[in-house]
2 protein chains.
Amino acid sequence: MASEKKLVEAITSMEKDFAQWYTDVVKKAELCDYASVKGCMVIKPAGYALWENIQKELDRRFKETGVENVYMPLFIPEGLLQKEKDHVEGFAPEVAWVTHGGLEELQERMCVRPTSETLFCDFYARDIHSYRDLPKVYNQWCSVVRWEKTTRPFLRSREFLWQEGHTAHATAKEAQERTEQMLNVYADFCEEVLAIPVIRGQKTDKEKFAGAEATYTIEALMHDGKALQSGTSHNFGDGFAKAFEIQYAAKDNSLQYVHQTSWGMSTRIIGAIIMVHGDDSGLVLPPMIAPTQVVIVPIQQKKEGVLDKAFEMKEALSGFRVKVDDSDKSPGWKFSESEMRGIPVRVEIGPKDMEQNQAVLVRRDTHEKQMVPLDELKERIGELLGQIQKEMLERARVHRDAHTYTAMDFDAFKKTVEEKPGFVKAMWCGSRECEDKIKELTGATSRCMPFAQEKLADTCVCCKKPAVKMVYWGKAY
Amino acid sequence: MASEKKLVEAITSMEKDFAQWYTDVVKKAELCDYASVKGCMVIKPAGYALWENIQKELDRRFKETGVENVYMPLFIPEGLLQKEKDHVEGFAPEVAWVTHGGLEELQERMCVRPTSETLFCDFYARDIHSYRDLPKVYNQWCSVVRWEKTTRPFLRSREFLWQEGHTAHATAKEAQERTEQMLNVYADFCEEVLAIPVIRGQKTDKEKFAGAEATYTIEALMHDGKALQSGTSHNFGDGFAKAFEIQYAAKDNSLQYVHQTSWGMSTRIIGAIIMVHGDDSGLVLPPMIAPTQVVIVPIQQKKEGVLDKAFEMKEALSGFRVKVDDSDKSPGWKFSESEMRGIPVRVEIGPKDMEQNQAVLVRRDTHEKQMVPLDELKERIGELLGQIQKEMLERARVHRDAHTYTAMDFDAFKKTVEEKPGFVKAMWCGSRECEDKIKELTGATSRCMPFAQEKLADTCVCCKKPAVKMVYWGKAY
């Protein structure tokens with residue numbers, strides 16, 4: 001058993017050092033690796049397969065709402081980036097600049113897209129003429145670059161993969177509806193597919209996107225009590241339209257500005273999957289997103305008939321994503337490895353099981369074992385995967401709720417943030433001053449003003465002036 | 001009918017000006033548009049949907065051969081690009097250089113990947129230790145940048161989308177097998193899915209990839225008689241492995257270099273689809289790749305029941321990709337538009353058809369019409385789509401064969417290239433001198449040394465010395 005032990009020992013325990021645990025899991029589950037370019041990552045097969053499943057499911061949900069995919073250029077000429085004032089201020093300090101093409105210096109330098117609002121706007125200004133051209137509900141899957149100083153795999157890297165939706169509408173109402181609709185697509189996706197419960201709400205002005213009128217967010221709580229912004233949806237109003245002169249002829253022939261939205265989810269969400277569900281044995285993947293849902297581990301696989309039986313079981317499990325681990329490692333090593341990789345269900349089959357026409361099922365999330373007659377295998381695995389999916393969401397919700405606190409005055413707020421990692425719900429007057437002060441004195445930032453408002457008190461937790469919103473606060477990734 | 005005419009008149013005829021016809025189709029079928037960055041393109045929904053279908057089908061075929069997807073960084077540090085001599089010479093003149101990250105100048109400039117051999121090699125050098133780590137059969141879907149001077153939509157642009165597979169193997173034999181296997185995946189995909197017949201063969205040393213030991217290619221003939229290289233597969237031998245020190249401990253504990261391959265297909269193939277199948281009414285899409293396979297055009301759609309019937313027919317055609325065009329345009333305009341977009345089958349349904357319980361089917365490729373009883377609609381459409389797919393391949397093959405010539409001496413060769421656009425088959429001595437001379441004097445380049453060799457003569461068509469290979473020559477995109 002020495003080797004199994006070694007594999008597990010390679011992970012720092014969560015309680016001891018959560019940050020190190022995270023890095024260990026990313027590395028040992030072979031999700032990604034560092035690259036020669038500082039701050040960039042190599043996404044390895046196990047990590048990319050997760051992203052492919054996320055893409056497939058999210059893209060399907062997008063298309064059901066009428067989204068069409070397109071592809072915009074990688075580069076933004078400097079002049080184009082500068083067209084919207086707030087936007088360029090937000091992004092210019094962290095973009096990578098291309099100055100030479102081939103052997104020649106460019107007349108105008110270009111940045112590598114940190115996000116593509118300016119490119120979509122430039123295109124829409126040329127492509128939209130009449131109300132008949134609206135709405136435009138476009139999305140692209142691509143990589144973007146932000147020259148961050150400190151980086152962590154998936155959570156913050158200089159290049160990351162994402163999708164960015166960019167829409168243009170005839171009316172402000174339609175834009176607002178689309179903004180909320182896409183936020184709900186993200187939230188439903190997180191809860192139904194990733195088993196991650198999220199708080200849906202609006203960002204404060206301080207935290208909103210550069211150039212947006214309003215930013216909506218879904219916020220998830222990680223196992224260590226820190227929040228992770230998991231997807232955002234922005235209503236731009238007609239701000240970009242005015243900066244880029246995106247106008248259409250309405251039915252009455254008047255010239256109108258379009259109303260725009262954008263919304264994105266990135267490979268960062270893989271960090272959330274790791275930090276919401278993982279444990280000291282490694283990754284724990286929700287069945288719906290797991291690249292491999294079931295691993296079959298043959299016991300004494302050199303004995304006649306065992307491997308054949310394992311592959312026969314795999315055949316019988318058609319419709320599920322199943323692998324047989326027939327490598328020459330020991331069963332114990334295979335158990336540890338499949339746990340590290342977060343495979344939801346392990347099936348063990350050996351000569352003794354075969355005699356009794358049964359197999360052992362082991363849940364990754366609870367480590368529970370059960371014996372199952374082989375002729376019930378497929379049905380039981382189907383039930384078990386559904387049960388795991390449901391219970392993982394429930395467990396994450398219980399964890400989040402148990403780490404969501406309420407603070408009625410500033411001292412209690414400060415003490416809670418210091419001593420109890422999690423969300424703190426507290427009333428807020430709406431002023432930037434209080435938001436800044438709270439951050440400065442406690443380290444917590446406003447995560448969102450939830451759609452589901454509660455009136456905890458009449459006054460701001462910070463300045464005691466009349467409160468306008470209940471806000472979720474917390475330390476965040 | 002004035003408006004329909006106008007739509008068709010917007011396309012230059014192929015015979016009059018093929019290049020202009022191509023540009024017109026790209027624009028009018030709304031496949032792509034120019035961007036603010038010179039030489040880059042905006043791929044619009046109709047173009048991107050084609051690429052998505054290509055990706056889906058190709059990716060499925062890759063995975064059947066054991067390919068795993070990954071993602072490597074966008075940037076290559078200059079020092080890394082320079083590690084393999086031939087490779088850097090081939091690519092350095094046409095890369096885009098990033099010199100600044102945020103507000104700071106980079107210590108070492110980085111290029112935006114023109115291709116990712118160097119990144120995969122750098123990763124493999126760290127990730128491969130033992131024979132147990134082999135083979136690595138990785139692929140990525142991404143965009144690459146090559147700072148070309150002259151560009152054309154899909155065919156040659158400064159940024160394009162592609163997949164690049166990069167594999168590492170224990171033996172030279174395995175690498176060679178993988179190289180050929182992937183070339184055959186591309187060739188089968190082109191023929192079975194895109195209905196584009198291809199010549200499979202090897203590139204001459206002059207035409208091979210920078211850093212490769214051998215490059216294999218599939219070459220297709222466009223409607224204007226020019227060739228298009230449609231996919232390539234390279235065997236690198238251990239050249240990159242030596243430059244990057246990618247070694248593994250063999251079973252006998254000796255240290256060995258890996259043998260590598262790479263292979264790619266890009267959005268260029270969309271150019272081939274346009275130029276092989278298109279006609280003077282616009283795009284013609286093979287059913288298997290068409291985002292919309294069937295368009296239902298209601299006639300007198302304001303009459304009671306017509307639109308309902310159209311949508312009912314759409315429901316009945318489940319399993320096919322069907323759209324109902326219920327816009328407020330005239331039927332004639334809708335016909336032209338669906339032809340421009342290359343939709344394989346048009347179904348017309350109006351009050352008279354409804355009375356007779358039938359519909360009109362029109363093939364995009366031949367413009368043939370037929371009446372079909374509604375209760376046979378699904379079956380007949382299924383047959384028709386299969387028939388169109390098959391006949392499009394056959395028609396392209398007949399065109400290619402009719403434009404493939406044989407030249408036994410240099411005068412005949414030159415005359416054929418001048419007067420008869422197409423492939424010219426001719427014997428070659430294997431020397432670079434003859435290849436250069438043929439290009440200089442005729443404008444034709446060697447397309448490939450086909451796997452299916454024919455001995456047309458004993459001597460080189462250029463120098464009359466003993467011939468070693470029969471080569472396909474031609475002018476190319």
**OP:** Hey, could you give me the CE/NZ distance between A:Met72 and B:Lys44, rounded to the nearest 0.5 Å?
**Re:** 9.0 Å
Original post:
With respect to chain B, which residue among A:Arg109, A:Arg126, A:Glu104 yields the maximal number of heavy-atom pairs within a distance under 4.5 Å?
Top reply: A:Arg126
Original post:
Checking A:Lys63 against chain B: side chain, backbone, both or neither under 4.5 Å from a heavy atom?
Top reply: side chain
Original post:
Do you know which of B:Asp122, B:Val70, B:Val145, B:Leu103 has the most heavy-atom pairs with chain A at a distance under 4.5 angstrom?
Top reply: B:Val70
Subject >> Contact origin within B:Leu74 toward chain A - heavy atom pairs under 4.5 Å >> reply: both
Subject >> Interchain contact, B:Leu119 with chain A, by part (heavy-atom threshold 4.5 Å) >> reply: neither
Subject >> B:Glu159 versus chain A, the contacting section by heavy-atom distance below 4.5 Å >> reply: side chain
Subject >> Between A:Phe91, A:Phe123, A:Tyr34, the one whose heavy-atom pairs under 4.5 Å with chain B are most numerous >> reply: A:Phe123
Subject >> Atom group of A:Val42 that falls short of 4.5 Å from chain B, counting heavy atoms >> reply: both
**OP:** Below 4.5 Å from any heavy atom of chain A, which atoms of B:Glu52 appear? Answer side chain, backbone, both or neither.
**Re:** side chain
Original post:
By a 4.5 Å heavy-atom criterion (distance strictly below it), what part of A:Leu106 contacts chain B: side chain, backbone, both, or neither?
Top reply: side chain
**OP:** Starting at CD of B:Glu105, measure out to OG1 of A:Thr99 and round the result to the nearest 0.5 Å.
**Re:** 8.5 Å
**OP:** Can you tell which part of B:Met110 gets under 4.5 Å to a heavy atom of chain A, answering side chain, backbone, both or neither?
**Re:** side chain
**OP:** Kindly check if the number of other-residue, nucleotide or ligand heavy atoms within 6.0 Å of CD (B:Glu89) is above 12?
**Re:** yes
Subject >> Top contributor to chain A contacts, counting heavy-atom pairs under 4.5 Å, from B:Val112, B:Leu80, B:Leu161 >> reply: B:Leu161
Subject >> Selection from A:Tyr48, A:Trp97, A:Tyr71 maximising heavy-atom pairs under 4.5 Å formed with chain B >> reply: A:Tyr71
Subject >> Partner chain B: residue of A:Pro93, A:Pro77, A:Ser36 with the largest heavy-atom pair count (under 4.5 Å) >> reply: A:Ser36
**OP:** Side chain from CB out, backbone as N, CA, C, O: work out which of these in A:Glu108 comes under 4.5 Å of a heavy atom of chain B, or both, or neither.
**Re:** neither
Subject >> Pairs of heavy atoms under 4.5 Å with chain A: top-ranked of B:Ala96, B:Ser143, B:Pro45 >> reply: B:Pro45
**OP:** Can you tell which part of A:Asn139 gets under 4.5 Å to a heavy atom of chain B, answering side chain, backbone, both or neither?
**Re:** neither
Original post:
Which atoms of A:Asn69 come close to chain B, meaning under 4.5 Å heavy atom to heavy atom: side chain ones, backbone ones, both, or neither?
Top reply: both
**OP:** Mind checking the CD1-SG spacing from B:Ile76 to A:Cys40? Nearest 0.5 Å is all I need.
**Re:** 11.5 Å
Original post:
Should the ring pair B:Trp147 and A:Phe75 be called parallel, tilted or perpendicular, given that the plane angle runs from 0 to 90° and is split at 30 and 60?
Top reply: perpendicular
